[in-house]
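Naming convention: chains lettered A, B, ... in sequence-line order (proteins, then strands); numbering from 1 in each chain.
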Amino acid sequence: MKRLKLTLAIVAGATLLAGPAFAQLAVKAKGAQKVQLNDSIRKNVISWLSAAPMENIKGTAPNVKGTFSMDPANMKAVTGSISVPVKGMKTGNPIRDRHLAGKDWLDAKKFPNITFKITAIKSARAAGKKANLQAEGDFTCHGVTKKITVPVEISWKEANAKTARVAGDWVKISTSFTISLADYNVAGKAGVVGNKVGKTIKIDATLYGHTVR
Amino acid sequence: MKKTLAIVAFVLAAGVLGYWVKDGSHMANQFKTLKVTVEEDEFGDKVEKKEWVEEFHLGLMDGALPAALGLAGIGAVLFFLDYRSRKKTA
């Protein structure tokens, strides 16, 4: 019995010690780094898809702003938030864009931004300069805030001659997840959701930023 | 009577088209299409670059067109019948 307890303690201790190591990026940067999204690296655009029986609508949301705090030695401690203005969202049809930002849909006047704020990292695994996280956070759309958990991949590129045009280490943040319009009280015009507009929206984001001092 | 019905049919056809345009469609929409190209980013990953490019699509393709055309057709037939009956009586 004593031997079993000892074995369990050793396993538990090893797991605790190994935990942070799995969430550690192999980069030189030390301590918490402030990472800011920057369109100069690449255009930060979120894309989304509404798949409905009558029509598939592809859209983009540019002008994404966001800052994060990341300690490469402990990616479980990532915090941060992003914000996207509703008004700049594009669907390829100016009239539809106006409808999207209008009162029946996202109501840009009343709710100008869609935001996601990380509140906790549920799990983090790192290998080399990449980390895969399960980020829990508050997703706010159309004035409604819901807690969701999304998969996030973070890639780190240390500053070098090729990245000199934007100072600091470069960081790429990618995610893909689905939200339900009903969860955020987006009803649209009667009979449209479920026919011409999907009940759920798939969101894909690949965002680029850099460390700032 | 036929003339009145024809006018009603034309007004209804115009109403259907008006609603259709107001609802977000044009007779000839200047749509943009999302062009996706795959390229390698500075991280060495393949990423999709998405750009909106102009693409012309002829509108009038959904349910409003048959309804408006049907009503306009009924109106035209009624006008013709009215014209013919007037000619006969004259």
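- The contact between A:Val171 and chain B is made entirely by backbone atoms, counting heavy-atom distances below 4.5 Å.
- In this structure, A:Lys130 and B:Asp45 have side chains that are in contact, with non-hydrogen atoms separated by less than 4.5 Å.
- Contacts between A:Trp170 and chain B at a heavy-atom distance below 4.5 Å involve backbone atoms as well as side-chain atoms.
- Evaluated for a salt bridge (Lys or Arg N to Asp or Glu O under 4.0 Å) with B:Glu42, the options A:Lys162, A:Lys157, A:Arg42 yield exactly one hit, A:Arg42.
- Of all heavy-atom pairs spanning B:Trp52 and A:Thr91, the tightest one is CH2-C, 3.3 Å.
- Considering only heavy atoms from C-beta on, A:Thr206 stays 4.5 Å or farther from B:Phe43 through its side chain.
- The shortest side-chain heavy-atom distance between B:Lys50 and A:Val45 does not fall under the 4.5 Å cut-off.
- Counting non-hydrogen atoms of neighbouring residues, nucleotides and ligands closer than 6.0 angstrom, the NZ atom of A:Lys147 exceeds 12 such neighbours.
- Applying a 4.5 Å heavy-atom cutoff, none of the residues of residues 1-11 of chain B approach chain A.
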